[in-house]
J.: 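A single structure is presented below for examination.
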Protein chains: 2
Amino acid sequence: MSSTAQGARARARMEVTAAIKDEARRQLAQEGAARLSLRAVARTLGMVSSALYRYFPSRDDLLTALIIDAYDSLGASAEAANEQVGDAAPLERWTAVAEAVHVWALEHPHEYALIYGSPVPGYTAPMTTVPAASRVGLLFIAIVRDAHHEGVLADAPELPDDLVAEAGRMAADLAPDLPPATVVALIAAWAELFGLVGFELFGQFNRVVEDRPPFFRHAAIRIAHGVGLR
Amino acid sequence: MSSTAQGARARARMEVTAAIKDEARRQLAQEGAARLSLRAVARTLGMVSSALYRYFPSRDDLLTALIIDAYDSLGASAEAANEQVGDAAPLERWTAVAEAVHVWALEHPHEYALIYGSPVPGYTAPMTTVPAASRVGLLFIAIVRDAHHEGVLADAPELPDDLVAEAGRMAADLAPDLPPATVVALIAAWAELFGLVGFELFGQFNRVVEDRPPFFRHAAIRIAHGVGLR
DNA sequence: ACACATTCGAGAGCACTGCTCTTGCTCTGG
DNA sequence: CCAGAGCAAGAGCAGTGCTCTCGAATGTGT
């Protein structure tokens with residue numbers, strides 16, 4: 001038997017699991033991760049709290065499921081933005097994806113905080129989150145790779161001696177067809193972009209930057225320039 | 001009477017308040033903000049939990065005190081690094097301060113998460129945190145200003161039309177003697193730098209960047225270049 | 001078709017949390 | 001000197017994550 005429709009029992013389990021995640025996501029969006037309460041979820045679902053443990057062995061496991069969903073939701077938004085600009089120039093694809101991340105973060109602040117903010121107490125993300133977490137990063141790599149193969153990618157600045165070895169390792173792991181210096185610039189750009197998003201979302205720009213969208217767009221383009229996109 | 005040494009009562013209050021903050025800071029450093037417990041603090045201090053409310057009306061007020069201390073600690077580290085390199089070139093001062101922020105963050109991960117990570121649930125930073133929070137930013141502004149007045153600051157790239165007005169506002173507020181385009185680049189650089197720190201600290205670089213110090217140094221220098229420091 | 005096994009919901013309970021309120025004791029300013 | 005302010009302590013409330021036990025419903029193998 002495959003995984004679908006194997007008995008009413010399994011189906012019911014799927015449905016209850018989904019219902020729990022849905023309600024948990026709703027509470028997460030409204031109250032934030034720290035105020036997400038298993039008991040409250042169970043309550044609004046009309047079940048007793050102990051029953052919920054049949055589906056998620058602990059609060060952290062529920063959070064992990066929500067984290068994966070959040071990464072996937074963000075990744076889907078970014079990929080949709082990338083596809084929507086079709087075969088535009090790499091720089092435009094980059095900014096479109098960056099915009100999509102920005103918009104998604106503003107629309108899902110608590111989800112964003114859950115995945116890119118400070119990790120919740122004593123919680124260390126399990127391996128299962130890695131694939132979902134990588135989607136946006138892989139998109140940026142793909143865009144830069146396309147630019148490189150089209151011959152429109154400027155060279156990244158030379159690496160200092162103490163970075164050459166590590167850069168080689170990074171390039172081998174992430175994008176063997178790209179120059180190591182470009183890979184280094186790309187990873188830095190990735191972190192810098194999310195730094196901008198996080199600062200805006202977490203209030204660091206309050207009373208500093210008022211009109212955020214043009215500021216972000218400009219910064220995202222400048223960051224793309226730093227990777228070699230023109 | 002001034003604020004110092006006005007009666008044994010006030011002094012005792014100061015001491016107890018300091019003891020509470022110290023113990024709270026210790027628990028924060030070990031367990032993280034979300035696991036900071038008023039009752040646990042009171043317990044190890046040998047008092048009953050309700051007594052603690054005479055000194056901090058709520059858990060959030062204690063957290064606010066710790067936030068201010070954390071900002072001040074980080075600011076002091078950054079300023080010390082700036083002074084230690086004396087009247088070196090602005091670029092070196094920039095990287096020295098960036099390094100200091102980086103090191104402080106690695107040494108105080110939970111404090112860093114408290115101030116630059118996702119804000120704790122339903123908590124909005126009160127105005128009283130603003131001065132302490134501004135110290136590092138003001139340092140970066142001062143460094144760039146010095147470079148500008150020494151005539152060694154490269155021009156920042158031209159601003160798009162939809163950013164000119166906002167850039168003028170930002171410059172007027174933060175550094176009227178600097179070109180608006182430079183101020184925009186500076187604010188972005190500030191956020192980007194903390195983006196790098198946050199990504200490293202919150203595990204986003206796991207399995208991506210292994211040898212972090214050279215990577216960070218390189219990225220910090222590249223960010224400084226983006227502001228016009230050479 | 002029946003017996004066995006597994007799964008599940010419900011309830012009680014434990015140890016913990018932030019916070020409030022009342023009761024007295026102690027210290028201090030006028 | 002002594003009234004009032006400051007303070008510690010205790011009990012208590014409502015909430016949390018999580019565990020354990022106990023029937024009942026639901027599958028599965030013979």
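All chains are named by letter (A, B, ...) in the order of the sequence lines, taking the proteins before the strands, and each is independently numbered beginning at 1.
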J.: Tell me the closest heavy-atom pair linking B:W94 and B:A220, and the distance in Å.
T.: NE1-O, 3.4 Å
J.: Heavy atoms under 4.0 Å, any strand shown: does B:L36 hit a base, just sugar-phosphate, or nothing?
T.: sugar-phosphate
J.: Relative to the 5' end of DNA chain D, which residue comes earlier, B:R13 or B:S49, by the nucleotide with the nearest heavy atom?
T.: B:R13
J.: Can the ring centres of A:F194 and B:F199 be said to be less than 6.0 Å apart?
T.: yes
J.: Measure from CE on B:M47 to P on D:dA9 and round the result to the nearest Å.
T.: 8 Å
J.: Take atom CG of B:D61 and atom C1' of C:dG18, then tell me their distance rounded to the nearest Å.
T.: 13 Å
J.: Measure the distance from OH on B:Y53 to P on C:dT17 and round it to the nearest whole Å.
T.: 11 Å
J.: Would you say the side-chain atoms of B:T64 and B:D61 include a donor-acceptor pair closer than 3.5 Å?
T.: no
J.: Is A:R35 close enough to C:dT17 that one of its side-chain N or O atoms is under 4.0 Å from OP1 or OP2 there?
T.: no
J.: Look at B:Y55 and D:dG6 and indicate whether a side-chain polar atom (N or O) is within less than 4.0 Å of OP1 or OP2.
T.: no
J.: Of the nucleotides D:dC18, D:dC20, C:dT17, which one has an atom closest to the side chain of B:A40?
T.: C:dT17
J.: Rounding to a whole Å, what distance do you find between B:R11:CZ and D:dC7:C1'?
T.: 17 Å
J.: Rounded to whole angstroms, how far apart are CG on A:L38 and C1' on C:dA10?
T.: 17 Å
J.: Determine: side-chain N/O of A:S37 to OP1/OP2 of D:dT16, distance under 4.0 Å, yes or no.
T.: yes
J.: For a quick check of understanding: with a heavy-atom distance under 4.0 Å over all strands, which category does B:F56 fall into, base, sugar-phosphate or nothing?
T.: nothing
J.: Could you check whether B:Q30 and B:H110, counting side-chain N and O atoms only, form a donor-acceptor pair closer than 3.5 Å?
T.: no
J.: Calculate the interatomic distance between A:R39 atom CZ and C:dG13 atom C1'; express it in whole Å.
T.: 10 Å
J.: Select one nucleotide: of C:dG18, D:dA8, D:dC18, the one nearest the side-chain heavy atoms of B:A51.
T.: D:dA8
J.: Can you tell me how far C1' of D:dT16 sits from CD of A:E31, to the nearest Å?
T.: 14 Å
J.: Looking at B:R54, does any N or O in its side chain come under 4.0 Å of the phosphate oxygens OP1/OP2 on D:dG6?
T.: no
J.: Please give, in whole Å, the distance from D:dG27 P to A:R9 CZ?
T.: 6 Å
J.: Between A:D162 and B:R217, does at least one N-O distance fall below 4.0 Å, as a salt bridge requires?
T.: yes
J.: Which nucleotide in the list C:dC21, C:dG11, D:dG15 gets nearest to the side chain of B:S50?
T.: C:dC21
